[in-house]
Amino acid sequence: GISFDVEDKTAAESQARQLAVDNARAQAQELAQMTGVSLGALQSLTVNPQGYIGPVYEGRGGMAQDLAAVPIAAGQIVITVDVNASFIIE
């Protein structure tokens, strides 16, 4: 079958890493506020790149309904990054 990819994923991977780190910090800050402590400096960070996941096709069941009627299904290429962050509690 046909598959699609991006020639240079560098910018997308960098953006995914930044969003993952921002999300980890926001979640840690929320938990710190809920428990009445202050969030300190980042102590450790582990990055787990998941890389290429897609394409994710539009339509039910993850695939276009009638591929014969639509020669190329619209979709997305998904790049994900997971991070594990530890912060000092003050």
Side-chain angles (χ1 to χ4, degrees):
I2 298 173
S3 64
F4 297 94
D5 201 354
V6 257
E7 187 173 329
D8 184 5
K9 294 185 197 109
T10 305
E13 289 170 338
S14 179
Q15 182 180 11
R17 283 189 297 274
Q18 183 64 57
L19 291 170
V21 169
D22 292 347
N23 187 42
R25 182 176 296 279
Q27 286 182 27
Q29 184 63 49
E30 179 184 14
L31 291 170
Q33 289 174 346
M34 288 177 177
T35 57
V37 298
S38 296
L39 188 66
L42 179 67
Q43 186 175 17
S44 69
L45 181 70
T46 305
V47 179
N48 304 306
Q50 299 300 312
Y52 173 75
I53 303 267
V56 177
Y57 295 101
E58 295 176 3
R60 293 191 177 148
M63 295 294 286
Q65 285 295 319
D66 186 2
L67 293 178
V70 182
I72 299 176
Q76 302 174 1
I77 293 176
V78 179
I79 295 173
T80 62
V81 173
D82 291 326
V83 298
N84 295 316
S86 297
F87 295 88
I88 296 173
I89 294 176
E90 299 176 342

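Values below: every heavy atom of this structure, side chains too, minus hydrogens, waters and symmetry copies.
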#### Entry: Non-hydrogen atoms of V81 and E13 that approach each other most closely
CG2-O, 4.3 Å
Can I get a per-line list of side-chain donor-acceptor pairs under 3.5 Å for residues 24-41, giving both atom names and the distance, sequence neighbours left out?
| unit_1 | atom_1 | unit_2 | atom_2 | d |
| --- | --- | --- | --- | --- |
| Q27 | NE2 | N23 | OD1 | 3.4 |
| T35 | OG1 | L31 | O | 2.9 |
| T35 | OG1 | A32 | O | 3.2 |

### Query
Between L45 and N84, is any pair of side-chain heavy atoms under 4.5 Å apart?
no
#### Entry: Side chain proximity check, I79 to K9, heavy atoms < 4.5 angstrom
yes
### Query
Residues in side-chain hydrogen bond (donor to acceptor under 3.5 Å, both in side chains) with D22, at least two apart?
Q18
### Summary
T46 meets the side-chain hydrogen bond (donor to acceptor under 3.5 Å, both in side chains) criterion, sequence neighbours left out, with none
### Task
Hydrophobic side-chain clustering at under 4.5 Å (ILVMFWY, transitive links): who's grouped with L19? Put none if nobody.
none
